[in-house]
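Structure first, then comments.
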Amino acid sequence: MIQRVRFAPSPTGSVHIGNMRVAIFNWLFARHAGGRFLLRIEDTDRERSTPEAIETLLAALRWLELDWDEEPMYQSDRANAHAEAAERLLAAGAAYREDKGGKGECVVFRMPDEDAVFHDELKGELRKKSEDMADFVIVRSNGAPVFHLANVVDDIAMKITHVLRGDDHIENTYRHVALFRALGAEPPRYAHFPMIVNRQGKPYSKRDGDAFVGDFREKGFRPDALFNYLALLGWSPGDDREKMTRAEMVEAFSLDRVKNSPAQMDLQKLTHLNGLYVAEMPAEEFRAQARAVLADCAWGRDIPEAALTPVCELMQSRTKVFSDVVDWRYFFDAMPTYDEKAVRKGLGKDGVRAALTRLIALLEQYPFDEAGIEKAIREAEREAGIREGKLNFAVRVATTGIATGAGLYETLALLGKDKTVARLRHATEHLCG
RNA sequence: GCGCCCAUCGUCUAUCGGCCAGGACACCAGGUUUUCAUCCUGGUAAGCGGGGUUCGAUUCCCCGUGGGCGCGCCA
């Protein structure tokens, strides 16, 4: 039998990272098994489920290349099926009408008078005593179906074989299993994944920042890196592999390798992984991405291709996230923005002013290329009695304003003699301690 | 309160009774006789507590403790 799983989000305008990981696990499961990955939009909340919210959701799925099979089901189209199911349950005595709070009659599902049991693919046999479960509303007094009913009726219609969702649904599952049976359907198999939690161990929320797929996209994370990272949150291939291609993940994925304890999001590790992906991007693609970031900066919009290309070549290997690109400003502006701390540390020492002043003169004596620049700096050090290599940091701060960057000689060669000399001069006149 | 789920380095994880408890991120030290966000090498760092079962438990069972979830005419 072909396995059919579904991702059934309710569109709210932003896509939560925990939800997306559930989608990833469903997708991986389906692709591994050669089954179907289906989409159901639970858009019965008409206030929040706007066309824009739905588009945001689909865009997030497309961005992560979670391609779905068949036409998505829209729950809002299913009112008749839900109502009909409620009628059947009523007719069979599995449900009854009741006015629970003066709001008019609603339809209540009668929980069977027996313990609820189901087999969870991750957690084993899960059970709950009959007396610990109460009947529950399936149709509101205004006629609208409640989540439980709609969810089960639609899963039946979609012929879902495996429901893979967050373990915050475990309690619902006891009810859902009963609903499936009452509707004459065999319940699907279930697996409940642990949640993604924050530092405090609470479910990851928007208050924690970076809670939505869009946040990562905006910051310049790559979708393949985010996919890879999220897949590893709660799942591992069983060996030491971490950076994996989709094909490898599809091949290796199985439910019995999914952990059943909650995982905490580690932005640093995601950033590291993203850097590995960035490093192997084709140069043109890297440039296009950098260009997209620059387009949002007033100073970065009109950089000619000829100026941008060498900077990209220099910086790609050390770019981890595309938002890093906003720090490239010193390559293009006349003057860098000087970081106070770096200035203090790099330009504050005695003798630095004299050495840099001498360097300005020495730069005139050699060709302005990497080798010539290095020679000039070495010579300036010798003359000033500074230990070899020690002047580099001062030069770096004087010319780029910050403490870190690419290779110094390459950076200066790229900057050009005019900017380099002007900045060195500025440093000797205004910044040295 | 009642019920359910969970528990290995700071974090993500490996281990399916015998491990010097392995890897990764982060961190620290060193190297790439120049910086560095790349790269290489090395290091610090873990089995929540108490009972069992067993020749032997991180691993199996029980009880605590801690955290999470559920107990809606929300999804």
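A note on names: the letters A, B, ... follow the listed sequences, proteins ahead of strands, and every chain is numbered from 1.
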Under 30°, 30 to 60°, or over 60°: which ring-plane class applies to A:F7 and A:F37, parallel, tilted or perpendicular? parallel
Hey, is the side chain of A:N260 poking within less than 4.0 Å of OP1 or OP2 on B:A7, counting only N and O atoms? yes
Contacts to RNA chain B from residues 228-237 of chain A, heavy-atom cutoff under 4.0 Å, which residues? A:L232, A:L233, A:G234, A:S236
What's A:H148 touching, base or sugar-phosphate or nothing? Going by heavy atoms closer than 4.0 Å. base
For RNA chain B, what residues of residues 358-372 of chain A have any heavy atom nearer than 4.0 Å? none
Between the main-chain N or O of A:I303 and the side-chain N or O of A:R291, is there a donor-acceptor pair closer than 3.5 Å? yes
Mutual orientation of the aromatic rings belonging to A:Y338 and A:H426 [parallel < 30°, tilted 30-60°, perpendicular > 60°]: parallel
Interface polar pairs with nucleotides 60-69 of chain B, N/O, under 3.5 angstrom:
| from | atom 1 | to | atom 2 | distance (Å) |
| --- | --- | --- | --- | --- |
| B:G68 | OP1 | A:K202 | NZ | 2.2 |

What nitrogen or oxygen pairs link the protein and nucleotides 20-27 of chain B at under 3.5 Å?
| from | atom 1 | to | atom 2 | distance (Å) |
| --- | --- | --- | --- | --- |
| B:G23 | N2 | A:E242 | OE2 | 3.1 |
| B:A24 | O2' | A:E242 | OE1 | 2.5 |
| B:A24 | N3 | A:K269 | NZ | 2.9 |
| B:C25 | OP1 | A:H272 | NE2 | 3.4 |
| B:C25 | O2' | A:K269 | N | 3.3 |

Can you find a side chain N or O atom of A:R127 that sits less than 4.0 Å from OP1 or OP2 on B:C5? no
Paired to B:C27 by Watson-Crick or G-U wobble criteria (both distances under 3.5 Å) is B:G43
When we call it a touch if two heavy atoms are under 4.0 Å apart, what does A:A263 touch: a base, just sugar-phosphate, or nothing? sugar-phosphate
What residues, two or more places apart in sequence or in another chain, satisfy side chain to side chain donor-acceptor pair (under 3.5 Å) together with A:E364? A:K417
Could I get the full list of side chain to side chain donor-acceptor pair (under 3.5 Å) partners for A:Q289, not counting sequence neighbours? none
